Amino acid sequence: MSQAVDEIKIGGIGASRKRVEDNRFIRGKGNYTDDIVLPGMLHMEILRSPLAHARIKSIDASKAWDIPGVHLVLTGEMMATRNLAWMPTLSYDTQAVLATDKVRFQGQEVACVIADDPYIAKDACEAIVVDYEPLPVIVNPVQAVAEGAPVIRDDKENQPDNVIYDWEVGDRDGTDRAFASADLVSRLELHYPRSHPSPIECCGSIADFNRATSKLTVYMTTQAPHIIRAAVAMVAELPEHMIRIISPDIGGGFGNKVPVYPGYVCSILASILLERPVKWIEDKSGNLISTGFARDVYLKGELALRRDGKILAVRMHTDADHGAFFSDAQPSKFKIGLMHSAFAAYDIPVAHLTARGTYSNKAPGGVAYRCSFRVTEAMFFQERMMQAAADDLGMDQAAFRRMNFVPDEAFPHRTPFGFLTDSGQYAKCLDVGLTAIDYENFRQQQAEAHSRGRLLGLGISTMTEPLGAGNSREYDILGIKMFDSAELKVHMTGKAIVRTGARTQGQGHETTWAQIVAHELGIPAEDVVVEEGDTDTAPFGMGTYASRSTPVAGAAVAMVSRKIRAKARKLAAHLLEVSEEDIEWELGRFYIRSAPDRGVTIQECAVAAYANMPDGMEPGLDATAYYDPPNLTWPFAVYIVTVEVDPETGVWDVLNMVAVDDCGVRINPMIVEGQIMGGLTEAYAMSNMQFITFDADGNCVGANYMDYLLPTAWETPGFELHSEVVTPCPHHPIGAKGIGECAAVGGPAAFVNAVLDAIKGTGVRNIDMPLLPDRVWEAVTYRRDVSGAPPVRSDD
Ligand code: MCN
Ligand code: CUM
């Protein structure tokens with residue numbers, strides 16, 4: 001009889017183990033960057049530009065220097081003397097650290113003050129006099145390429161205009177031919193607005209340079225500590241072993257904490273100059289106005305259709321507004337990130353995408369906010385186009401999607417843009433969703449309600465998205481290949497510590513990595529601590545974003561556990577006095593094949609590794625694994641929403657929302673559900689209330705929580721989650737796919753499609769997000785599309 005330990009009881013894979021990190025978080029015992037106090041620490045504040053585009057004629061900081069308690073005032077001019085006024089971006093552009101020649105967006109960093117406390121520093125910032133000469137402002141791509149537009153990046157040689165790139169992918173001629181043979185062409189144009197991650201904790205850093213040891217330690221809010229170390233080594237020209245980046249507890253990242261911000265750089269330089277620790281903690285408005293934004297992409301899309309509903313080809317053009325600096329933090333060689341992952345769920349013979357990127361007088365950023373490098377806009381465009389096409393064909397929404405899905409037996413499937421999707425059961429997921437929402441019944445209710453003047457609508461979004469960069473063949477950041485790592489040390493008592501190159505920000509890695517160890521070794525999860533985020537102790541890895549932790553670092557945790565198991569097997573053979581070939585494994589225990597009662601536990605093997613190893617064996621039981629995934633993982637999701645729209649006010653309410661997610665094997669089902677609910681809440685926010693926009697002068701609308709709306713539990717609708725469909729990832733050691741972003745990526749289209757379905761009779765094809773009541777009202781009342789593109793009127 002088997003004596004294996006019970007996997008669920010020890011908190012292995014499939015156990016909804018409570019999050020161990022919450023023990024400290026709910027007791028107020030988290031350790032965030034702002035909680036850290038170092039002896040002799042000074043405080044830094046940033047002076048930001050009030051104007052979106054202006055030449056700097058002069059900066060007079062003399063009054064700031066005179067304020068008691070001020071230790072240093074940094075300006076662009078001083079940074080320039082150290083070659084630090086500009087820094088390289090992850091997209092091979094340059095970005096101003098502190099402005100020298102011009103300011104290029106409202107909120108741009110102009111100067112920093114370092115003082116005894118943050119209040120003195122803030123007052124001193126206000127004492128700095130900057131003489132600006134205003135310049136014409138650009139807030140959208142049309143203005144950026146207009147005749148006579150001011151050149152925003154006149155600092156760059158070979159930059160005669162505001163175009164950053166013109167890029168294309170796919171088969172242009174083949175697509176043209178398919179369009180020529182189509183029965184029908186469906187077209188859609190829309191804008192995905194700027195949105196913002198808005199984690200509870202803003203960005204911040206404490207730089208601590210020790211002249212005696214030459215070591216620089218930086219505590220900071222980063223999702224990718226090792227990448228920051230590499231960047232600091234390059235920019236500050238310090239050797240790597242003299243740089244230690246520590247990312248303590250993070251109060252939410254959502255992509256906001258991937259980029260390198262001027263505040264980090266300035267605090268580091270200030271600490272080097274002053275030889276004291278310097279803390280910078282961003283305030284909320286500073287975060288909203290200047291931090292790495294997301295989206296701001298315009299789409300022109302076309303589907304070539306056969307009369308029976310078969311999609312023959314896709315043509316897309318996107319215009320991306322990147323703001324003042326091209327600083328997309330994305331690791332692909334594709335200029336527009338993974339935009340061309342669009343339509344991966346559908347079996348489409350041929351496609352072509354053109355993309356143009358332009359500068360504007362807006363904060364830089366581009367790919368943050370719960371998205372794998374523009375997958376969010378890709379899937380939104382896809383699912384909005386799918387709805388428009390089904391309507392143009394007069395076909396049922398669900399049937400149109402189903403007939404075009406990649407069928408189960410077609411995997412691995414090469415998409416028309418060249419991605420290789422791994423596995424899935426798309427039609428089955430859709431069926432689960434349709435049953436859950438009671439589709440046929442709702443369509444009847446909808447028709448009845450319509451006859452009485454009530455507007456009910458149903459929106460569907462079905463998509464697969466690429467999560468988990470890289471593989472190293474195709475993905476790199478500044479030349480560093482995308483892979484990840486895990487180190488596992490099993491102590492003599494059989495307790496263990498696992499460290500990875502990822503960095504949790506709320507996703508629960510401290511809980512789930514221990515579950516993978518439990519699954520592989522039978523060591524109870526509670527006997528395994530997880531540590532991440534310190535470059536002096538963690539193995540080299542690329543950090544947490546793009547839902548890559550489970551696909552890459554999580555895979556490394558499984559692989560390193562297997563290395564440990566291989567060594568433990570040798571120890572077991574020694575302890576049992578048989579040869580290794582006679583040994584079998586069951587969870588938590590090795591035994592002799594011919595005598596199953598005679599066995600040793602993994603804990604007994606651990607003791608032996610330190611106390612009773614065979615002659616010639618290296619003592620100890622620890623190992624490191626680097627994992628280079630063969631492919632991205634491709635989870636699939638179905639989101640279905642029903643709404644009622646009030647035509648008198650434009651207000652819409654969610655009646656029901658159903659989510660069917662297939663992310664392969666779920667390590668911790670409860671955490672996965674938490675990820676989905678959080679993502680759906682953000683999807684609801686983006687579709688309903690949340691955006692950052694600009695008036696014609698480049699003033700940012702949305703730089704405070706009066707304008708930038710966050711949904712609370714009160715506004716957020718209920719979600720019904722389904723986990724019936726599990727298609728293991730064929731190339732992942734435990735069959736898991738990423739889940740962290742699916743709901744935020746696929747969710748928005750379901751909400752928007754539902755509202756447009758409710759007002760279908762009006763002939764309106766598009767209302768740009770967020771679907772604020774006044775926009776919906778305008779669409780219904782005047783029977784016209786409503787654009788959300790900036791500039792907005794400043795009194796809006
Ligand atoms: N998980 C699982 N089974 C799976 C897949 C994942 O149990 N099949 C678990 C993982 O072990 C992990 C969590 O779910 O604990 C998320 O895993 P994964 O999908 O690998 O995503 P990452 O850990 O890489 O997290 C990144 C992702 C991104 S890119 C954004 S943005 C986002 C998101 O996570 N930011 C978040 N979710 C967030 N959740 C919180 N609370 N805070 C953020 O900042
Ligand atoms: Cu683009 S947000 Mo997440 O990948 O950190």
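On a predicted model such as this, the values are computed, not experimentally measured, just so you know. Counting starts at 1 for both ligands and their atoms, in listed order.
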| field | Residue selection (non-hydrogen contact nearest atom 24 (O) of ligand 1) among P197, A736, A744, S549 | value | S549
| message | Using a 4.0 Å cut-off to any heavy atom of G738, which atoms of ligand 1 qualify? | response | 19 (O)
| field | Under-4.0 Å heavy-atom contact with ligand 1, by part of V665 that carries it | value | backbone
| request: Taking only heavy atoms of P551 into account, list the atoms of ligand 1 that are under 4.0 Å away from them. | output: 20 (O)
| Whether Y264 side chain and T221 backbone form a donor-acceptor pair below 3.5 Å | yes
| request: Identify the protein heavy atom lying closest to atom 4 (O) of ligand 2, giving its residue, its atom name and the separation to 0.1 Å. | output: A546 N, 2.6 Å
| is_close_aromatic(F326, Y165), centroid dist under 6.0 Å | yes
| Numbered atoms of ligand 1 (with element) below 4.0 Å of Y545, judged on heavy atoms | 29 (S)
| Closest non-hydrogen atom pair, A525 against G11 | CB-O, 3.5 Å
| Residue part near ligand 2, for A368, under 4.0 Å between non-hydrogen atoms | backbone
| query | What residue and heavy atom of the protein are closest to atom 5 (O) of ligand 2, and at what distance? | reply | Q223 NE2, 2.9 Å
| query | Is there at least one pair of N or O atoms, one from I739 and one from ligand 1, spaced under 3.5 Å apart? | reply | yes
| request: Could you tell me whether ligand 1 has any atom less than 4.0 Å away from a heavy atom of A546? | output: yes
| request: Just jot down the ligand 2 atoms closer than 4.0 angstrom to any heavy atom of V367, in number order. | output: 1 (Cu)
| message | Using a 3.5 Å cut-off on N or O atoms only, is T544 in polar contact with ligand 2? | response | no
| query | Can an N or O of R666 be found at a distance shorter than 3.5 Å from an N or O of ligand 1? | reply | no
| So H226 and F540, would you call those rings parallel, tilted or perpendicular, with 30° and 60° as cut-offs? | tilted
| message | If the cut-off is 4.0 Å to any non-hydrogen atom of F254, which atoms of ligand 2 fall inside it? | response | 2 (S), 5 (O)
| By number and element, which atoms of ligand 1 are closer than 4.0 Å to a non-hydrogen atom of T544? | 22 (P), 24 (O), 25 (O), 26 (C)
| said: Please list the nearest protein heavy atom to atom 18 (P) of ligand 1 with its residue and the distance rounded to 0.1 Å. | reply: T550 OG1, 3.6 Å
| query | Under 6.0 Å between the ring centres of W634 and F419? | reply | yes
| said: Suppose we call two aromatic rings close when their centres sit under 6.0 Å apart. Are H196 and F293 close by that rule? | reply: no
| message | Taking a cutoff of less than 4.0 Å between a non-hydrogen atom of the residue and any ligand atom, is G554 in contact with ligand 1? | response | no
| said: Can you name the atoms of ligand 1, numbered from 1 with element, that are less than 4.0 Å from a heavy atom of T512? | reply: 10 (C), 11 (O), 12 (C), 15 (O)
| field | Close N or O approach (E741, ligand 2; < 3.5 Å) | value | yes
| query | Among protein heavy atoms, which lies nearest atom 2 (S) of ligand 2, and at what distance? | reply | R370 N, 2.9 Å
| With a 4.0 Å cut-off on heavy atoms, is G253 touching ligand 2? | no
| Going by atom types alone, do T511 and E21 pair a side-chain donor with an acceptor below 3.5 Å? | yes
| remark: Per-atom filter on ligand 1: closer than 4.0 angstrom to a heavy atom of I671 are 9 (C), 13 (C), 14 (O), 15 (O)
| message | Looking at ligand 1, would G664 count as a contact under a 4.0 Å heavy-atom criterion? | response | no
| query | How close does the nearest protein non-hydrogen atom get to atom 39 (N) of ligand 1, and which residue and atom is it? | reply | Q675 NE2, 3.2 Å
| task | From the options K737, E510, Q507, select the one whose nearest heavy atom is closest to atom 12 (C) of ligand 1. | result | Q507
| said: Are Y426 and F411 an aromatic pair, judged by ring center distance below 6.0 Å? | reply: yes
| Would you say G255 has any N or O atom under 3.5 Å from an N or O of ligand 2, going by distance alone? | yes
| task | Have a look at ligand 2 and work out which part of Y369, if any, has a heavy atom under 4.0 Å from it: side chain, backbone, both or neither. | result | backbone
| said: Give me the nearest non-hydrogen protein atom to atom 1 (Cu) of ligand 2 as residue plus atom name, then the distance to 0.1 Å. | reply: C371 O, 2.4 Å
